[in-house]
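Residue numbers begin at 1 in each chain, while the letters A, B, ... track the order of the sequences.
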Amino acid sequence: MLDPLQEAQASRDRRDIDPRVGALLGEAAAQRVRARAPAPRREPERPTPAQEAAPWIEEGPSYHGLPVLKEPVWGWEIPTYFFTGGLAGATAVLGAAATLAGGRGTGTLVRRCRLVAAGGAALSAALLVKDLGRPGRFLGMLRVFRPTSPMNMGTWILSAFGACAGLAALPALAPGAAALAPAADVAAYGAAALGLPLVGYTGVLIANTAVPVWQQTRNTLPILFAFSGAVSAGGLLDLWGTPGAGGEMAHRFGLVAKGGELALSRALHREARIVPRVERALRTGRGGALLAAARTLLAASALLDLLPGRGSRLRRAASGGLALAGTLAIRLGVVAAGRASARDPHATFEMQRAGRGAAELARKEEAAPGEAAPAMPSIPGVDATGKESSQHGAAP
Amino acid sequence: MPEVGFFTDTTLCIGCKACEVACKQWNQLPDDGFEFTGMSYDNTGQLGASTWRHVAFVERPAELPGQGSPRDGVEAGHRAFAELAPLGQAAPTSLLHDIAPTQLRTPVSLGPTQEALAGFSWLFLSDVCKHCERAGCLEACPTGAILRTEFGSVYVQPDVCNGCGYCVSACPFGVVERRADDGRAWKCTLCYDRLEGGLVPACAKACPTASIQFGPLDALRARAAERVDQLRARGVEQAYLYGEDAASQPGTQGLHAFFLLCDEPEVYGLPPDPVVPTAKIVRSWRAMATGVLSLAALALGAVFTARRV
């Protein structure tokens, strides 16, 4: 005899298996189904069909126009993490450089850099946990060390960075911890060394996907993200009104990076444009709008900086605010473009037909004839297929 | 343990979806919400967290060499129903309205339905996780939840998966999906539990036309090559294998679930030249190194030029 609660739950899980007849033991039995009603589906933002944009272009065949790839599942947390992680990493680098240079008027800058680095790391971890659902899931990333997965590498980098940045910020946070100052300096250099990959790896992370626009721009994305981090670091310290020589250091760091960032956002389009259909995601829809807004914000910020005359505090703060908004928009825009690109089957098809799929690798091997067997490139010393562990029965 | 997999011969598929049903039943997958796509007889749409086999229905305005004409069907149907004629059921289908039964022996012009069906063919494909030799999901998984089993298949361990969603974007075939209310990634397991028990995967077992064939990969490859020769000898010149080994699909080093197709892969919603993303990533790491080192140089330049001693 089944109690009514059990019976009600059995009928609610969309398997409709009567527990008196069958037990839930299948491979998908652990799949949790919470709602009887289908999950509320976000209205997908469709890429403009080619016929609408340019009626003379004939689209190739596809399966009823359905996407070939699954859309990236990340919500706002992940692009925001790209922003906070980049900000934390770049401030750690700037702070360590200022510590190294020393001189008058850098004290405030160094202290603020360490605080921002530690705060940014904490916020980043919180955003990742929010995306995953609960803290234990973040720790799941640390059960293996896996060089083939940029996400795994990034988790290690962020964790180590967070530890260093936290230690470096201790004297600034707790007045009693002044005795720790020498250790904090060492930790600050450690945070800077880890901050460098932290700023850039997120570009590699999204480039290491099947999403056409991300895969196609894999050489520009990491550099673009690295410079975005620098721009946001300079922008935040400008907004905060960092005084003295330290403020000038942060301002110069941000200003030069801003120029690089604007050039790199052009380069992003140029790299994507090799296959025109792939570039479309960067120009149209939400992604295109966000990227255009980001360019405008960054250009406005740079213009404010370059106006003649010594900048007032207010002007600096405005420029910093614009730069911060611009770098956040660039991350949100790249992720939104990735979604649109994954939804567009023709982006995948045309990219691969244009020889930008596996054929690209074969061409490179021909160009540089090395070993006889054309092995797929992989991270050295790592069994990419996972067969080694399955044959030896070792847990991965 | 020899590596096993699927050979899906799409020329034998009749679109009955028995594989979809068998998979759902055996693996106890929940329903997908009973939605109506309104585009074809395919209301499943694509593979997903709760759909591990999916039958694609391709309607083409072109004939496949060797396929029968609509009249063949009408005549066969008429013969089958001939015995029932005295009971007053001479015209059970709308197709028969187009053609007078008495005229069957002599050539007649095609009726409107038949004309609409001439120059038309169905292609069916029972899609499934490809269990790639170099699997994008496996290489991207940051927790080690995705592993290679002793059968050569790619398996997601639900108790380890932390729902990061990276495998979803790393799969060049769009197979893996994260279920919103579960929060974890799910896909075909090649019926790992059945293989452990010495059984054939549920979809292959249920397939009534041997379109889905299961077995050791070497044997399947040999059989598939033979089948292609056979079809070509019959005039189906378009028949070819998709992803049967590393030579035919270098980007994945070959699929453990490969297909016999009769049209371009795009028609079935398959990528023409898929590649495991990790194969291209070394250059991206190098680009990152360039980027962050110039960032370090920039930071040093900024602090030393603005320094006041």
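- For A:F145, no part lies near chain B; criterion is any non-hydrogen pair under 4.5 Å.
- The nearest pair of heavy atoms linking B:P30 to A:V33 is CG-CG2, 3.5 Å.
- Nearest heavy atoms, A:A358 versus B:P274: CB-O, 3.8 Å.
- Rounded to the nearest 0.5 Å, atoms CG (B:D181) and CZ (A:R32) are 9.5 Å apart.
- Contact count against chain B (heavy-atom pairs under 4.5 Å) is highest for A:A101 among A:A101, A:G200, A:P197.
- The structure places CD1 of A:I223 at 7.0 Å from OG of B:S294, a figure rounded to the nearest 0.5 Å.
- For A:Q215, the part lying near chain B is the side chain, with the backbone staying farther off; criterion is any non-hydrogen pair under 4.5 Å.
- With contacts defined as side-chain heavy-atom distances shorter than 4.5 Å, the pair B:C164/A:L132 qualifies.
- The contact between B:Y192 and chain A is made by backbone and side chain atoms together, counting heavy-atom distances below 4.5 Å.
- For chain B, the nearby parts of A:A257 are the backbone and the side chain; heavy atoms of each come within less than 4.5 Å.
- In terms of heavy-atom pairs under 4.5 Å with chain A, the best-connected choice from B:A135, B:C141, B:P158 is B:C141.
- Side-chain atoms of B:Q28 come within 3.5 Å of backbone atoms of A:A23 as a donor-acceptor pair (strictly under, hydrogens ignored).
- When all heavy atoms are compared, the tightest approach of A:P61 to B:V267 is CB-CG2, 3.8 Å.
- Summarising the geometry, atom OH belonging to A:Y63 is positioned 8.5 Å from atom CG belonging to B:L125; distances are rounded to the nearest 0.5 Å.
- To the nearest 0.5 angstrom, B:W186 atom CH2 is 8.5 Å from A:E27 atom CD.
- When the candidates A:L24, A:N208, A:L221, A:L196 are compared by the number of heavy-atom contacts under 4.5 Å with chain B, A:N208 comes out ahead.
- Within the 4.5 angstrom heavy-atom criterion, no atom of B:T37 approaches chain A.
- Each of B:G301, B:P271, B:G163, B:P172 has some count of heavy-atom pairs under 4.5 Å with chain A, and the biggest count is that of B:P271.
- Contact of A:A342 with chain B is not made at all, since no heavy-atom distance falls under 4.5 Å.
- In this structure, the portion of B:Y155 lying under 4.5 Å from any heavy atom of chain A is its side chain and not its backbone.
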Derivation and outcome, side chain to side chain contact (heavy atoms under 4.5 Å, CB included), residues A:E248 and B:T305: CA-CA 9 Å; A:E248 187 56 30; B:T305 54; over 6 Å; no
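- The shortest side-chain heavy-atom distance between B:N162 and A:F138 does not fall under the 4.5 Å cut-off.
- Formation of a donor-acceptor pair under 3.5 Å by the B:R308 side chain with backbone atoms of A:R104 is not found in this model.
- No other option in B:V168, B:L298, B:V58 has as many heavy-atom pairs under 4.5 Å with chain A as B:L298.
- B:A140 and A:S149 get closest at one heavy-atom pair: O-OG, 2.5 Å.
- Checked by atom type and distance alone, the side chain of A:R143 pairs as donor or acceptor with a backbone atom of B:T143 at under 3.5 Å.
- The contact between A:L205 and chain B is made by backbone and side chain atoms together, counting heavy-atom distances below 4.5 Å.
- Interface remark: of the candidates B:E133, B:K24, B:R286, B:E133 forms the most heavy-atom pairs closer than 4.5 Å to chain A.
- Contacts of A:R353 classified as side-chain hydrogen bond (donor to acceptor under 3.5 Å, both in side chains), with partners at least two apart in sequence or in another chain: B:E266.
- Using a 4.5 Å cut-off between heavy atoms, B:Y268 touches chain A through its backbone atoms (N, CA, C, O) alone.
- Without hydrogens or angle criteria, B:R307 side chain to A:G103 main chain gives no donor-acceptor distance under 3.5 Å.
- When heavy atoms are compared at a cutoff of 4.5 Å, B:V176 approaches chain A solely by way of its backbone atoms N, CA, C and O.
- Looking only at distances, no side-chain donor or acceptor of A:Q31 sits under 3.5 Å from a matching main-chain atom of B:L29.
- The structure places CH2 of B:W285 at 7.5 Å from CE of A:M153, a figure rounded to the nearest 0.5 Å.
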- request: May I have the step-by-step check of side chain to side chain contact (heavy atoms under 4.5 Å, CB included) for A:R146 and B:L138, ending in yes or no?
  value: CA-CA 11 Å; A:R146 182 177 279 238; B:L138 189 150; 4.0 Å; yes
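- With a 4.5 Å cut-off on non-hydrogen atoms, A:A193 does not touch chain B at all.
- With B:N27 contributing its side chain and A:G26 its backbone, the two residues share no donor-acceptor pair below 3.5 Å.
- Put simply, the side chain of A:H64 gets close to the backbone of B:F57: a donor and an acceptor are under 3.5 Å apart.
- Under the 3.5 Å distance criterion, the side-chain polar atoms of A:K70 are left unmatched by any main-chain donor or acceptor of B:G48.
- Ranked by non-hydrogen atom pairs under 4.5 Å with chain A, the options B:G136, B:G269, B:S284, B:A287 are led by B:S284.
- Side-chain atoms of A:L100 and B:L300, non-hydrogen and from C-beta on, do get closer than 4.5 Å to each other.
- Between B:E177 atom CD and A:E71 atom CD the span is 10.5 Å, to the nearest 0.5 Å.
- Contact count versus chain B (heavy atoms, under 4.5 Å) is highest, among A:M351, A:R356, A:Q352, A:H346, for A:Q352.
- With chain A as partner, the option from B:R184, B:Q25, B:Q46, B:E59 having the largest number of non-hydrogen pairs under 4.5 angstrom is B:R184.
- Residue-environment remark: OH (B:Y41) stays at or below the threshold of 12 foreign heavy atoms within 6.0 Å.
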